[in-house]
Amino acid sequence: MSGSNSYRLRCSLAAHEMDVRGLAAAAYPDGAFVSVSRDRTARVWVPNPSENQVFTEMHCMNGHSDFVSCVCIIDPNETYPRGLIATGGHDNNICVFSLDRPDPLHSWSGKFGTILSGSWDTTAKVWLGEKCMMTLQGHTAAVWAVVILPEQGLMLSGSADKTIKLWKAGHCENTYTGHEDCVRGLAVINEVEFLSCSNDASIRRWMVTGECVQVYYSHTNYIYSLAVFPNGQDFISTGEDRTLRVWRKGECSQTIRLPAQSVWCCCILPDGDIAVGASDGVIRVFTESEERVASAQDLQAFEDELSKAIIDPKTGDLGDIKIEDLPGREHLNEPGNRDGQTRLIKEGSNVEAYQWSVSDGRWVKIGDVVGGSSQQNSKRVMYEGKEYDFVFSIDVNEGGPGLKLPYNVTDDPWLTAHNFLQKNELSPMFLDQVANFIIENSKGHTLGPAPATSTDPFTGAGRYIPGSGSGDQGFAADPFTGAGRYIPESGGSTGTVSSGGADPFTGGSAYSSSSLPKATTNIFFPSTDGVMFEQANSTQILGKLRELNNTAPADRKLSDAALDCLQKLLLVVTDLKSQEQPTAEQINVLWRTSHWPEDIVFPVLDILRLAVRHPEVNAQLCGGTEGASLCNHLLGLMSPESRPANQMLALRILCNCFSGSHGRALLLGHRDTVLSRAGDLRVVSNKNIHVALATLVLNYAGRLYGQPTEIEAKAQCLSVASTALEVVHDKEAVFRLLVALGTTVAGDSTAKDLARSLGVNSQISKYARVSDPAKVGECCRLVLDELQ
């Protein structure tokens with residue numbers, strides 16, 4: 001901040017035809033900023049060199065078909081040296097503009113980094129170029145605020161569900177609770193702190209770790225926006241109480257009233273001035289600099305406009321008003337106690353509101369108050385114990401009873417519609433239809449002189465309050481029975497890498513640090529052939545199967561013929577020289593038996609793991625409707641409540657499904673669900689599960705290699721691998737995750753950009769120094785080279 005003076009009006013810019021909903025300081029030209037409005041436009045404003053106080057409109061940008069509600073600036077880079085402007089609208093679109101033209105770019109490069117957007121559909125989305133990389137799901141109501149933290153990979157979202165969520169690599173890392181109503185705005189202070197504001201009229205200061213370290217009170221109604229000064233301590237806020245407030249050293253040091261009910265947005269310009277946008281369609285700039293303060297004539301015009309404002313006491317910022325108890329004009333002879341203090345006086349039959357100005361040393365009229373308790377509207381309708389301006393009857397089912405929809409003209413039609421649909425469990429697809437019905441049937445009903453527009457689809461003017469195991473399971477002996485006899489293969493696995501001579505996946509004598517070529521040669525990735533779990537001891541598997549069959553429930557016990565089928569199937573699929581083919585009967589017995597009780601099913605799952613590598617079994621179990629059934633069955637075995645042994649074997653079966661074309665098609669078709677469920681198993685403290693998880697991600701990455709259009713699938717691979725690396729400690733699992741990362745980004749500049757934005761570089765750099773095994777360090781360094 002430039003000093004300790006009070007802010008005063010610099011200029012008023014009245015170009016927009018409707019509410020100004022978003023502001024952002026531009027990277028170019030110097031001192032410029034961008035505004036967006038419900039009039040569907042974005043406008044670029046530049047300082048006028050001939051008039052120190054004034055800004056000139058440089059561009060009026062069109063591209064949205066509905067209200068434009070937010071804007072952000074994309075920093076300059078080699079491709080776009082003047083930066084870009086991104087706008088979001090109620091038409092569900094994001095438009096990107098250059099500073100050179102007023103129409104949006106139809107094709108734009110992802111070289112500039114990541115865009116984060118929030119929506120009424122309860123999600124946030126991560127964009128790179130024109131592609132949606134990730135959808136962040138977890139909120140239960142509209143997402144109204146999003147920011148990206150300076151530390152790469154960390155993102156924040158604020159929601160109408162009253163919570164804030166911290167996201168990393170597509171996963172929710174923390175949920176912040178404390179606000180008592182919708183979260184409307186977020187602002188970053190530094191790498192570890194941020195601010196939030198809410199409909200509960202409070203501002204909260206948070207540590208990224210989750211602690212709320214301070215709560216600020218001064219606003220008397222919803223707070224919509226925040227902006228932080230470069231010093232990282234002081235900030236500004238705007239809200240539904242018609243004010244801009246300046247906060248210094250944790251205290252509200254100045255309150256500036258505006259002649260508009262809703263002050264939607266604010267931004268801090270490079271010279272320290274403040275720009276705010278409001279529901280009257282006007283942008284106002286305030287300054288501390290005496291050289292830039294508006295002329296005396298303009299200052300008086302602003303004060304006159306303020307004095308003519310109509311204040312509705314139902315907004316709550318003046319408290320309950322009883323005209324008969326108010327003092328007269330003599331009350332203004334006493335000086336105020338603080339800047340922004342409000343006093344109401346009775347002037348005949350009218351009520352006038354005044355605000356104390358420290359800089360002027362006097363009371364300034366800020367408007368006339370209408371609708372006090374002695375002036376209640378007698379035409380309001382009572383519904384469920386409350387008075388409303390309207391109670392509509394909505395016919396949902398023909399011939400059925402109508403549903404009641406109460407509405408006040410001071411409420412927001414979209415929020416009212418949203419609440420109505422949620423309360424009555426109706427599809428959100430009807431949101432626009434119901435909101436437009438409300439608008440159409442309440443036209444002409446306003447309080448006092450109507451502003452340029454009296455409703456807004458995002459307001460919140462009507463308060464929206466939505467309703468609201470395992471330790472280390474290591475398989476030291478027999479992880480399933482404790483008998484110490486049968487242990488499914490838990491160490492090495494076979495597989496090849498497309499460019500390699502040595503096999504970095506096998507372990508043992510097949511790979512050693514001495515066999516590593518020079519760092520300039522990459523034998524690790526891209527790995528496209530797939531890695532399978534193939535080792536097995538058929539004798540032990542069959543022995544355990546027969547033992548458990550003897551203890552199985554009578555209705556689940558296998559006949560000797562069924563046991564014989566499974567034995568023959570196992571021999572066929574493990575004998576590489578066998579010319580026999582699995583029979584349909586054998587495959588059917590295997591499928592039925594895979595649904596044994598979870599405490600005894602593991603040897604059958606091990607047979608299934610080996611069997612799906614065979615082309616015939618792969619085709620029968622992974623193709624058609626059978627494939628969907630297999631996938632769902634394995635997902636059930638991977639549930640958090642399932643046994644670790646079954647979780648591990650289900651993951652290994654999925655890995656081995658990649659050995660056949662039907663299995664690959666099945667898993668690519670169910671990729672989102674499979675990887676999401678698999679990624680959740682990273683929290684299980686079991687190295688064998690971690691190795692299987694890493695292998696599954698690697699196999700997916702291998703199938704996606706060379707397919708730049710599959711960027712959303714690659715984004716999920718990056719997300720799962722990145723989050724797994726935060727908790728995985730087994731070096732083999734780490735190695736396979738590194739190979740998966742390398743394979744995902746190899747030859748794909750967009751995937752590399754996304755990996756950088758997710759902070760993969762900083763996350764994996766610690767593995768570059770690992771020398772035991774050497775393949776971890778070498779592979780890590782090669783991945784880092786790819787991301788340079």
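Please read all numbers here as calculations on a predicted model, not as lab measurements. Along the sequence shown, the residues carry numbers beginning at 1.
Of the possible donor and acceptor atoms, none in the side chain of H171 sits under 3.5 Å from a partner among the backbone N and O of V720. Checking side-chain atoms of S159 against main-chain N and O of A142 turns up a donor-acceptor pair under 3.5 Å. With R756 contributing its side chain and L787 its backbone, the two residues share a donor-acceptor pair below 3.5 Å. Here the side chain of D161 pairs no donor or acceptor atom with the backbone of H139 at under 3.5 angstrom. A distance-only check finds no donor-acceptor pair linking the side chain of N699 to the backbone of G530 [under 3.5 Å]. Side-chain N or O atoms of R664 include one that pairs as donor or acceptor with a backbone N or O of F658 at under 3.5 Å. A donor-acceptor pair is defined here as one N or O able to donate and one able to accept, closer than 3.5 Å; no such pair exists between the side chain of Q647 and the backbone of L681. Using modelled atom types, one side-chain atom of S198 and one backbone atom of D181 make a donor-acceptor pair closer than 3.5 Å.
When all heavy atoms of L718 and A755 are compared, the pair lying nearest together is CD1-N, 4.0 Å. In plain terms, the two heavy atoms of T528 and R703 that are nearest each other are O-NH1, 4.1 Å. Minimum interatomic distance between A25 and C267 (heavy atoms only, all atoms of both residues): N-SG, 4.0 Å. Contact detail for V228 and A187: the closest heavy-atom pair is CG2-CB, 3.8 Å. A pairwise comparison of heavy atoms in V674 and L635 identifies CA-CD2, 4.0 Å as the closest pair. Residues I223 and S237 come closest through the heavy atom pair CG2-CB, 4.2 Å.
Checked by atom type, the side-chain pair T695/R736 shows a donor-acceptor distance below 3.5 Å. Side-chain contact, N199 with R184: a donor N or O sits under 3.5 Å from an acceptor N or O. Of the N and O atoms on the side chains of S676 and Q716, at least one donor lies less than 3.5 Å from an acceptor on the other residue.
Within the model, atoms CD1 of I653 and NE2 of H633 stand 7.5 Å from one another, a figure rounded to the nearest 0.5 Å. Atoms CG and NZ, on D772 and K731 in that order, are 8.0 Å from each other to the nearest 0.5 Å. In this structure, CG in L654 is found 5.0 Å from CG in L634, a value given to the nearest 0.5 Å. A distance of 10.0 Å separates CG in D753 from CE in M133, rounded to the nearest 0.5 Å. Distance check, rounded to the nearest 0.5 Å: CZ of R21 to OG1 of T87 gives 14.0 Å. To the nearest 0.5 angstrom, E786 atom CD is 15.0 Å from R781 atom CZ.
Each of V147, L226, L149 was evaluated against L186; a single residue qualifies, V147, per the side chain to side chain contact (heavy atoms under 4.5 Å, CB included) test.
C717 is linked by a side chain to side chain contact (heavy atoms under 4.5 Å, CB included) to L675, V697, Y700, L704, T744, counting only residues two or more places apart in sequence or in another chain. For N92, the side chain to side chain contact (heavy atoms under 4.5 Å, CB included) criterion is met by no residue, not counting sequence neighbours. A search for side chain to side chain contact (heavy atoms under 4.5 Å, CB included) contacts involving S639 returns E641, S642, R677, not counting sequence neighbours. Residues forming a side chain to side chain contact (heavy atoms under 4.5 Å, CB included) with R205 (at least two apart in sequence, or on another chain): I189, E193, L195, V213, Q214, Y216, Q233.
Counting heavy atoms from C-beta outward, M207 and V192 have side chains that approach closer than 4.5 Å. In this structure, the side chains of L166 and L154 come closer than 4.5 Å at one or more pairs of heavy atoms. Here the side chains of P708 and T750 are not in contact, with every heavy-atom distance at 4.5 Å or above. The shortest distance between side-chain heavy atoms of Y176 and C212 does not fall below 4.5 Å. When side chains are defined from C-beta on, C95 counts as touching H64, because their heavy atoms get closer than 4.5 Å. Taking 4.5 Å as the limit, every side-chain heavy atom of L649 sits out of range of all side-chain heavy atoms of L637. Residues L651 and M638 form a side-chain contact, since some pair of their non-hydrogen atoms from C-beta on lies under 4.5 Å apart. Side-chain contact check for V734 versus Y767: some heavy-atom pair is nearer than 4.5 Å.
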(request) Decide side chain to side chain contact (heavy atoms under 4.5 Å, CB included) for S202 and H179; before the verdict, give the C-alpha distance in whole Å, the side-chain angles of both, and the deciding distance to 0.1 Å. (result) CA-CA 8 Å; S202 75; H179 280 299; 3.4 Å; yes

(request) Quick one: do I203 and C197 satisfy side chain to side chain contact (heavy atoms under 4.5 Å, CB included)? Show the steps, please. (result) CA-CA 4 Å; I203 299 168; C197 63; 4.2 Å; yes

(request) Could you give me the CA-CA distance, side-chain angles and deciding distance for E710 and L668, then say whether side chain to side chain contact (heavy atoms under 4.5 Å, CB included) is met? (result) CA-CA 11 Å; E710 293 289 347; L668 288 173; over 6 Å; no

(request) Apply the test side chain to side chain contact (heavy atoms under 4.5 Å, CB included) to residues L23 and V34: give CA-CA distance (whole Å), side-chain angles for both, the deciding distance (0.1 Å), then the verdict. (result) CA-CA 6 Å; L23 293 166; V34 183; over 6 Å; no

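Within the 6.0 Å centre-distance limit, the rings of F524 and F735 are counted as a close aromatic pair.
Ring orientation note: the planes of W206 and F194 are close to parallel, at an angle under 30° on the 30°/60° scale.
For residues 743-763, the set of pairs meeting the ring-ring contact (aromatic ring centres under 6.0 Å, His included) definition, not counting sequence neighbours, is empty. Residue pairs meeting the salt bridge (Lys or Arg N to Asp or Glu O under 4.0 Å) criterion with at least one partner in residues 740-751, sequence neighbours excluded, are K714-D748.
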